[in-house]
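Take a look at the structure set out below.
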Amino acid sequence: MQFKSMVLSNVEVSPSYFRMRMTAPPAISGSQPGQFVMVRVNPAIDPLLRRPFGVFDLGTFETEFTDCGRQSYLEILYKVVGKGTAMLSTLHQNDHLDILGPLGKGFIPGDPAGEKLLVGGGVGLAPLYYLAKELVRDSKVNLFAGGRNKEDVLCITEFERLGVETYVATDDGTLGARGLVTDVFEEQLAKAGPKATILACGPFPMLKAVALLAEKYNVPCQVSLEAYMACGVGACLGCVVKGKNHSDSTPDYRCVCKDGPVFDSKDLLWS
Amino acid sequence: MQFKSMVLSNVEVSPSYFRMRMTAPPAISGSQPGQFVMVRVNPAIDPLLRRPFGVFDLGTFETEFTDCGRQSYLEILYKVVGKGTAMLSTLHQNDHLDILGPLGKGFIPGDPAGEKLLVGGGVGLAPLYYLAKELVRDSKVNLFAGGRNKEDVLCITEFERLGVETYVATDDGTLGARGLVTDVFEEQLAKAGPKATILACGPFPMLKAVALLAEKYNVPCQVSLEAYMACGVGACLGCVVKGKNHSDSTPDYRCVCKDGPVFDSKDLLWS
Amino acid sequence: MTKPNLSVDIAGIKLRNPVMTASGTFGYGAEFAPYLDLELLGAIVTKGLSMKPKAGNPTPRIVETPGGMLNAIGLQNVGIEAFIAEKVPFLRTVTTPVIVNLYGNTLEEYGELAGRIDAIPEVAGIEVNISCPNVKQGGIVFGTDPQAAFEVVSLVRRSTTKPLIVKLSPNVTDVVVMAKACVDAGAEALSLINTLTGMAIDLQKRRPILANITGGLSGPAIKPVALRMVWQVAKVVKVPLIGIGGIMSATDALEFILAGATAVQVGTANFLDPSSAGTIATGIETWLEENGVADIRELIGALKS
Amino acid sequence: MTKPNLSVDIAGIKLRNPVMTASGTFGYGAEFAPYLDLELLGAIVTKGLSMKPKAGNPTPRIVETPGGMLNAIGLQNVGIEAFIAEKVPFLRTVTTPVIVNLYGNTLEEYGELAGRIDAIPEVAGIEVNISCPNVKQGGIVFGTDPQAAFEVVSLVRRSTTKPLIVKLSPNVTDVVVMAKACVDAGAEALSLINTLTGMAIDLQKRRPILANITGGLSGPAIKPVALRMVWQVAKVVKVPLIGIGGIMSATDALEFILAGATAVQVGTANFLDPSSAGTIATGIETWLEENGVADIRELIGALKS
Ligand SMILES: Cc1cc2nc3c(=O)[nH]c(=O)nc-3n(C[C@H](O)[C@H](O)[C@H](O)COP(=O)(O)OP(=O)(O)OC[C@H]3O[C@@H](n4cnc5c(N)ncnc54)[C@H](O)[C@@H]3O)c2cc1C
Ligand SMILES: Cc1cc2nc3c(=O)[nH]c(=O)nc-3n(C[C@H](O)[C@H](O)[C@H](O)COP(=O)(O)OP(=O)(O)OC[C@H]3O[C@@H](n4cnc5c(N)ncnc54)[C@H](O)[C@@H]3O)c2cc1C
Ligand SMILES: Cc1cc2nc3c(=O)[nH]c(=O)nc-3n(C[C@H](O)[C@H](O)[C@H](O)COP(=O)(O)O)c2cc1C
Ligand SMILES: Cc1cc2nc3c(=O)[nH]c(=O)nc-3n(C[C@H](O)[C@H](O)[C@H](O)COP(=O)(O)O)c2cc1C
Ligand code: FES
Ligand code: FES
């Protein structure tokens with residue numbers, strides 16, 4: 001769906017990371033974890049294109065000045081990296097946005113009996129929070145969070161409050177273990193039960209490492225990808241990635257916006 | 001000069017007319033009435049060009065949270081007509097702007113002993129306020145203000161507070177006389193003394209009528225023009241108007257931004 | 001006041017209003033059905049189609065630029081067989097005319113493809129893309145050389161009885177020469193413009209951003225160039241024109257119509273707002289009402305200049 | 001770290017850094033002296049000059065467009081006599097090289113004017129505008145026909161010993177052909193691009209906004225087209241290129257240099273921010289320092305592709 005939204009809050013939770021809460025229609029509650037929204041930052045033509053962000057959290061709130069009871073909200077967690085996110089970060093309460101979503105295919109929870117291994121790098125943690133919230137109802141959830149330094153590892157307390165067991169690694173060791181989160185992850189993966197599921201979101205090299213580990217230990221694995229997007233609805237073919245059967249002569253392209261952003265790691269070509 | 005400025009207030013004083021006060025360096029006090037500033041609405045490329053606005057008022061204010069004493073401010077009075085002014089109208093206190101100015105040539109007061117006949121149409125009143133403020137020190141000042149309806153005739157109370165005698169005419173008669181301000185003006189002009197000076201700002205047809213009356217009654221007259229502008233400093237040659245000697249074979253173009261916006265009405269070609 | 005007339009005729013295709021979607025920016029229509037009523041549109045133009053499925057270019061394929069975007073999709077498409085099997089059934093469910101945008105890698109392929117499409121009753125007309133700047137083989141030559149354009153359009157004309165629109169490239173010295181060549185070859189309408197060839201660079205990586213190095217520039221940035229070309233061509237050719245390039249609003253669309261376009265196509269705007277094309281169509285109707293224009297056709301080429 | 005080298009050589013003109021101002025957007029230099037130190041610039045290019053003073057077009061002459069602007073100034077200028085009498089004295093006060101942009105209404109006028117300028121010691125070089133789209137007579141033909149371009153550049157080459165830059169129009173099918181013709185005729189450097197021809201319409205008035213109907217599109221909107229043309233020409237010709245088109249920042253300028261430009265010109269940005277050209281020059285220096293590049297010349301054409 002497409003809807004007008006009003007900013008409820010927009011807070012810098014860590015240097016250059018912002019958490020923005022905005023109004024949404026009740027149907028937003030149908031979003032699957034891993035789905036995303038396309039945000040039109042302002043009605044001017046600079047920036048021109050919408051910006052994609054994962055659904056970080058959903059909920060309802062009591063409206064202050066009206067009688068209409070509880071209203072729905074949507075939260076995104078974003079990092080300021082360029083023009084669009086910089087402009088987003090200057091928005092205030094009551095400013096307006098135009099939102100498209102939820103879009104794409106989200107994570108599939110898999111067997112509730114199996115433990116869930118969530119792997120997130122940097123702002124890749126964003127969609128994992130809403131995912132964890134849903135998963136903890138039925139399953140044991142572990143989170144492996146990585147980043148360059150402690151400021152990149154976000155909202156760990158929130159995850160812990162959900163009852164998620166968290167493992168952290170940073171490149172510089174300022175939080176958790178020093179090194180790659182995939183190393184910490186492999187240790188635990190080796191011990192994981194046969195019904196475990198891996199659910200990952202983060203930079204491509206991290207996802208690739210996770211996908212290879214998943215293959216090595218034969219654990220089902222879903223990854224959430226990023227790609228430059230224009231339409232978000234499968235029309236422009238701007239956001240494609242190579243599917244497992246891809247070769248130059250027999251192309252197999254998938255749209256990150258429509259066939260993803262969450263893919264079974266086995267469906268993609270990682271080389 | 002070029003300076004960064006902070007919005008102090010931005011108030012809708014009449015439907016779609018806003019009065020914006022912003023910080024300015026002390027040198028702003030050197031502005032002549034009739035000069036203008038070019039405002040860069042935001043650092044994005046939409047809108048691309050700066051927007052020109054007359055200096056409506058200047059002054060100083062006591063800063064609230066610092067020790068640095070009185071600071072200068074600049075005020076503009078603007079009408080929302082398109083994209084740039086619409087964006088300006090959404091700015092809040094503490095938002096930032098980039099200003100170029102004061103630019104161009106302002107009004108020349110003339111003999112203080114003569115009475116000053118100010119003629120303004122719609123938002124053309126804007127530069128006349130600062131002008132009146134300066135003129136009332138030494139001279140008797142009359143203001144002839146016109147507009148389509150009462151909402152177009154701005155800040156009359158402020159002019160009266162300065163001791164200016166005001167005459168108002170509106171097309172629909174909702175304020176002052178019904179009809180053209182130039183009719184009301186002609187009545188008084190006929191009675192004006194030999195040292196009187198006319199100083200006018202408003203739409204081109206009004207200025208033309210005023211210029212013709214000035215000629216008829218042989219009273220010196222200065223008019224402030226508008227033109228589409230890019231640079232504001234006489235470099236792009238986008239803002240030219242025809243000077244008195246203009247013909248297709250012997251062109252005489254003047255830059256509104258640099259040679260104006262205030263011209264002696266005799267220096268221009270009115271046909 | 002009675003409702004104004006918005007319907008126009010393009011090469012024999014009756015459009016309920018002049019607002020079409022631009023090829024490559026609206027998929028095969030179905031993608032946008034959740035966001036707007038497809039019955040609001042004058043026509044739907046589908047993604048550029050070729051005989052065989054086509055992989056398109058490697059990624060990145062798109063990048064935002066000031067007031068516009070570059071794309072180098074490379075004409076990825078499902079090919080004629082899958083189009084018939086998978087896309088036509090949905091298009092049958094809408095009454096809005098469907099125009100198929102096609103291209104070939106060779107002269108012969110253009111003819112063959114036009115022949116295949118001729119047999120599809122759901123297709124109201126054909127738009128021939130001779131202007132896509134991304135495909136080295138074919139594309140660029142047909143679109144910039146009047147003789148080559150004449151040949152390919154003539155062949156397509158002989159291969160189909162469907163209404164025939166030819167889409168022009170702006171990357172030429174004189175668009176009027178190209179327009180005339182296409183009309184001489186049998187084009188019943190012209191659509192213009194396709195994208196301007198451009199490039200974007202990632203300074204830190206010291207690389208072009210697009211894998212294809214160059215791409216096609218679309219969006220508001222190109223509107224002045226598109227308006228100028230429509231105006232130039234309208235002065236000279238007699239067939240109806242479809243104005244394309246940076247149309248974001250009903251005002252933009254009406255400007256193209258004043259310049260001489262009978263209809264318009266909405267492209268990049270679909271990405272900014274998936275309901276754009278519908279909003280533009282209803283916006284045109286409102287404007288006609290508010291300005292007392294009884295028939296949109298009064299505005300076609302009505303620019304005073 | 002020692003300061004990086006920013007100096008470059010264009011056709012024998014030594015620039016302290018690669019940032020020049022674009023003709024017609026910086027007046028005769030003096031207009032901008034209150035807003036930036038002219039000594040920060042690599043070179044100043046003055047407003048297009050003709051033999052006689054020229055009135056230019058009626059107004060409106062400029063209009064904002066999405067991410068850009070159209071101008072149809074019509075090359076209003078003071079003419080060679082007034083240039084020498086009124087403008088040269090100020091230019092003598094700056095050490096920054098001054099390049100005179102010139103054009104003629106006829107072939108002969110180009111030659112005559114180049115000859116006159118040859119005698120002015122304060123002028124470091126000549127930039128020949130064969131690309132202005134506004135003047136019917138002359139401009140458009142020289143800039144879009146390789147043979148005409150060859151002739152006019154050859155004549156100018158014979159008429160002056162000053163360093164000779166030729167400025168190319170983007171309104172052509174193949175800019176490389178034009179570039180080669182100019183180099184063959186003796187151009188020692190090429191600057192590109194001039195403006196794209198465009199148009200804007202006032203819907204309510206049903207009129208073109210510009211009195212001249214069409215105008216030249218400049219600003220960020222055209223940057224992708226300009227980058228592409230610089231890259232195309234750099235692959236083929238050997239003379240230094242000056243990249244122009246929508247440069248607003250040091251990043252933009254460096255992108256043009258990666259694409260193959262030895263220097264750049266800042267145009268429309270001067271209107272948005274009169275100190276732009278200076279800010280861009282210092283911004284380039286900072287970038288080189290931060291990225292450990294000792295010499296700007298390492299970046300010229302260094303795009304990996
Ligand atoms: C499905 C999906 C979900 C995402 N979820 C989040 C999230 O929850 N939080 C978050 O901070 N970021 C997320 N991203 C990345 C986010 O979209 C980009 O950081 C953002 O678009 C950058 O915009 P900008 O204008 O600040 O950067 P600029 O570099 O100025 O953007 C220029 C262009 O590149 C595109 N772009 C730049 N970086 C990326 C990127 N990494 N991925 C896709 N497009 C990019 C922009 O959308 C824009 O079109 C997600 C991306 C995708 C595809
Ligand atoms: C010397 C001078 C002083 C002015 N002083 C005032 C003032 O004190 N208060 C006020 O409300 N207005 C004033 N104006 C007019 C004001 O500049 C325009 O109303 C404003 O630029 C419109 O911008 P926009 O983006 O809202 O309109 P748009 O129509 O979206 O603007 C599009 C383009 O046209 C230009 N433009 C549109 N209308 C005008 C106009 N009337 N004059 C010049 N350029 C125009 C804009 O600057 C812009 O480049 C003055 C104009 C000039 C030349
Ligand atoms: C992502 C994308 C894909 C496109 N694919 C095609 C295509 O397949 N065939 C075609 O003729 N034009 C194609 N175009 C060009 C558009 O149809 C249109 O001519 C151009 O985008 C200009 O219009 P706009 O500025 O409204 O987008 C494509 C444009 C974009 C942005
Ligand atoms: C108002 C204006 C006047 C111009 N006059 C000239 C000129 O006299 N001669 C010339 O060669 N180019 C002229 N140009 C073109 C610029 O020099 C430059 O090539 C073009 O604007 C693209 O650069 P930009 O996008 O940085 O503005 C003019 C451009 C503008 C905007
Ligand atoms: S973003 Fe357009 S197809 Fe995915
Ligand atoms: S606005 Fe540029 S010369 Fe006046």
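Note that the coordinates shown come from a computational prediction; the quantities given were computed from them, not determined experimentally. By convention in this document, chain letters (A, B, ...) are assigned in the order of the sequence lines, proteins followed by strands, and residues within each chain are numbered from 1.
Taking each heavy atom of I73(D) and L237(B) in turn, the nearest pair found is CD1-O, 3.5 Å. The minimum heavy-atom distance between L100(B) and Y35(D), with the atom names listed, is CD1-CE2, 3.6 Å.
Between chain D and the residues R51(B), K258(B), M229(B), K83(B), the largest count of heavy-atom pairs under 4.5 Å involves R51(B). Counting heavy-atom pairs closer than 4.5 Å to chain B, the top-ranked of the candidates K47(D), M248(D), E31(D) is E31(D). Highest contact tally toward chain D, considering only P43(B), A230(B), C239(B), is held by A230(B) [criterion: heavy-atom pairs under 4.5 Å].
Using a 4.0 Å cut-off between charged nitrogen and carboxylate oxygen, R50(B) and E64(D) do not count as a salt-bridge pair.
Contacts between S275(D) and chain B at a heavy-atom distance below 4.5 Å involve backbone atoms as well as side-chain atoms. Using a 4.5 Å cut-off between heavy atoms, K242(B) makes no contact with chain D at all. Only the side chain of I209(D) comes within less than 4.5 Å of a heavy atom of chain B; its backbone N, CA, C and O stay farther away. Neither the backbone nor the side chain of P34(D) comes within contact range of chain B; no heavy atom of the residue lies under 4.5 Å from a heavy atom of that chain. Within the 4.5 angstrom heavy-atom criterion, only side-chain atoms of F32(D), from C-beta onward, approach chain B.
Side chains of T59(D) and V241(B) form no contact here, defined as non-hydrogen atoms less than 4.5 Å apart. Inter-residue side-chain proximity for Y253(B) and R61(D) is flagged as met; some heavy-atom pair is nearer than 4.5 Å. Counting heavy atoms from C-beta on, the side chains of Q2(B) and D273(D) come closer than 4.5 Å.
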query = Given T268(D) and L48(B), is the side-chain contact (heavy atoms from CB on, under 4.5 Å) satisfied, shown in steps?
reply = CA-CA 9 Å; T268(D) 303; L48(B) 188 74; 4.0 Å; yes

